[in-house]
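For reference, the structure discussed in these notes is given below.
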2 protein chains.
Amino acid sequence: MAATPADVRENPNSYMFVMDMPGMKLWKIKVQVEDHLLTVNGERKREEKEGTEYLKMERRMGKFMRKFPLPHNSNAIADVMSALYQDGVFTVTVKKLPPPEPKKPKLIEIEVKID
Amino acid sequence: MAATPADVRENPNSYMFVMDMPGMKLWKIKVQVEDHLLTVNGERKREEKEGTEYLKMERRMGKFMRKFPLPHNSNAIADVMSALYQDGVFTVTVKKLPPPEPKKPKLIEIEVKID
């Protein structure tokens, strides 16, 4: 699981960071935001049971970490982010900041003299 | 998703074929058994939505297929298999056949002649 493939989606009002993480639990995935950097990490362990033997082990286990720089216009406050884990796919949604208000045209008074 | 990593587990009474398949639905995964060969296939598609743009696309999409030869002592009848899809992990469980009854020792009568 060292390789955790991810998609990054831009929606009209948000960014979505979508990661394949089969066999995890939502509460085992850690999400942090610092200096406009989103970090997601966790650990996946192979199920061990007495009397069970693995004849083939291709699924990657172990610790994983992904880092995503957040775009400049994202609302990089952990409180307004949301996370969802469904069918082994973990998605973090980060809202965009509202676009800056258009600058008002400066009024410059010009004195017009008529002779 | 061309690469669908799998583990194969042997339990005292069954074999388990465990595959990482994040972002699927159980009813979209096809399972077949023929001549002691287990075949699992399906297709994963990336979500498309108007107004959405992908800035990064690492998650593998498309058709996938895995084949597993079933061990000689497995009960290779589709009716007695079970399949489970949880947290993006698909597991097919195949029961073992009961072990063959121990051969009864053959009684050979020997005529013993006492002179």
Side-chain angles (χ1 to χ4, degrees), chain A residues 1-29 38 42 44-62 64 66-71 73-74 84-91 93-94 96, chain B residues 1-29 38 42 44-62 64 66-71 73-74 84-91 93-94 96:
Chain A
M1 199 135 175
T4 304
D7 290 349
V8 180
R9 272 172 74 168
E10 181 174 359
N11 302 316
N13 301 312
S14 64
Y15 293 99
M16 286 166 85
F17 301 85
V18 188
M19 286 150 271
D20 281 344
M21 290 185 185
M24 290 290 296
K25 298 288 169 201
L26 181 59
W27 59 91
K28 287 189 173 178
I29 304 169
L38 168 68
R44 189 165 80 140
K45 288 177 181 170
R46 187 167 269 112
E47 201 189 333
E48 299 287 348
K49 212 172 166 184
E50 215 169 309
T52 284
E53 195 189 343
Y54 279 92
L55 307 179
K56 192 192 279 278
M57 290 196 288
E58 291 173 359
R59 296 164 66 226
R60 284 196 184 184
M61 299 289 153
F64 61 88
R66 283 298 309 246
K67 288 174 188 274
F68 305 93
L70 292 176
N73 65 339
S74 54
L84 172 77
Y85 185 67
Q86 194 171 34
D87 295 328
V89 180
F90 183 60
T91 304
T93 303
V94 181
K96 284 183 184 174
Chain B
M1 200 135 173
T4 304
D7 290 348
V8 180
R9 273 172 72 167
E10 180 173 0
N11 302 316
N13 301 313
S14 64
Y15 292 99
M16 285 165 87
F17 301 86
V18 188
M19 285 151 271
D20 281 345
M21 289 185 186
M24 290 289 297
K25 298 289 170 200
L26 180 59
W27 60 90
K28 289 189 172 179
I29 305 169
L38 169 67
R44 188 165 80 142
K45 288 177 181 171
R46 187 167 270 113
E47 201 188 334
E48 299 288 349
K49 213 173 164 181
E50 217 170 309
T52 284
E53 195 190 343
Y54 278 92
L55 307 179
K56 192 192 277 280
M57 291 197 286
E58 293 173 357
R59 297 163 65 227
R60 283 196 184 185
M61 299 289 154
F64 61 89
R66 285 296 311 243
K67 288 174 189 273
F68 304 93
L70 292 176
N73 65 339
S74 53
L84 173 76
Y85 185 67
Q86 195 171 35
D87 295 329
V89 180
F90 183 60
T91 304
T93 303
V94 181
K96 284 184 185 173

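All chains are named by letter (A, B, ...) in the order of the sequence lines, taking the proteins before the strands, and each is independently numbered beginning at 1. As the structure is a prediction and not an experimental result, all values here were calculated from the model.
Contacts with chain A were tallied for B/Arg46, B/Lys25, B/Lys49, B/Met19; B/Arg46 has the most, counting heavy-atom pairs under 4.5 Å. Top candidate by heavy-atom pairs under 4.5 Å with chain B, chosen from A/Leu55, A/Asn11, A/Val89, is A/Leu55.
Judged by the 6.0 Å distance and 45° axis criteria, A/Arg9 is not positioned over the aromatic ring of A/Tyr15.
Heavy atoms of B/Tyr85 lying under 4.5 Å from chain A belong exclusively to its side chain.
Here A/Lys56 pairs with nothing under the side-chain hydrogen bond (donor to acceptor under 3.5 Å, both in side chains) rule; sequence neighbours left out.
A distance-only check finds a donor-acceptor pair linking the side chain of B/Asp7 to the backbone of A/Glu58 [under 3.5 Å]. At distances below 3.5 Å, at least one donor-acceptor pair connects side-chain atoms of B/Arg44 with backbone N or O atoms of B/Arg60.
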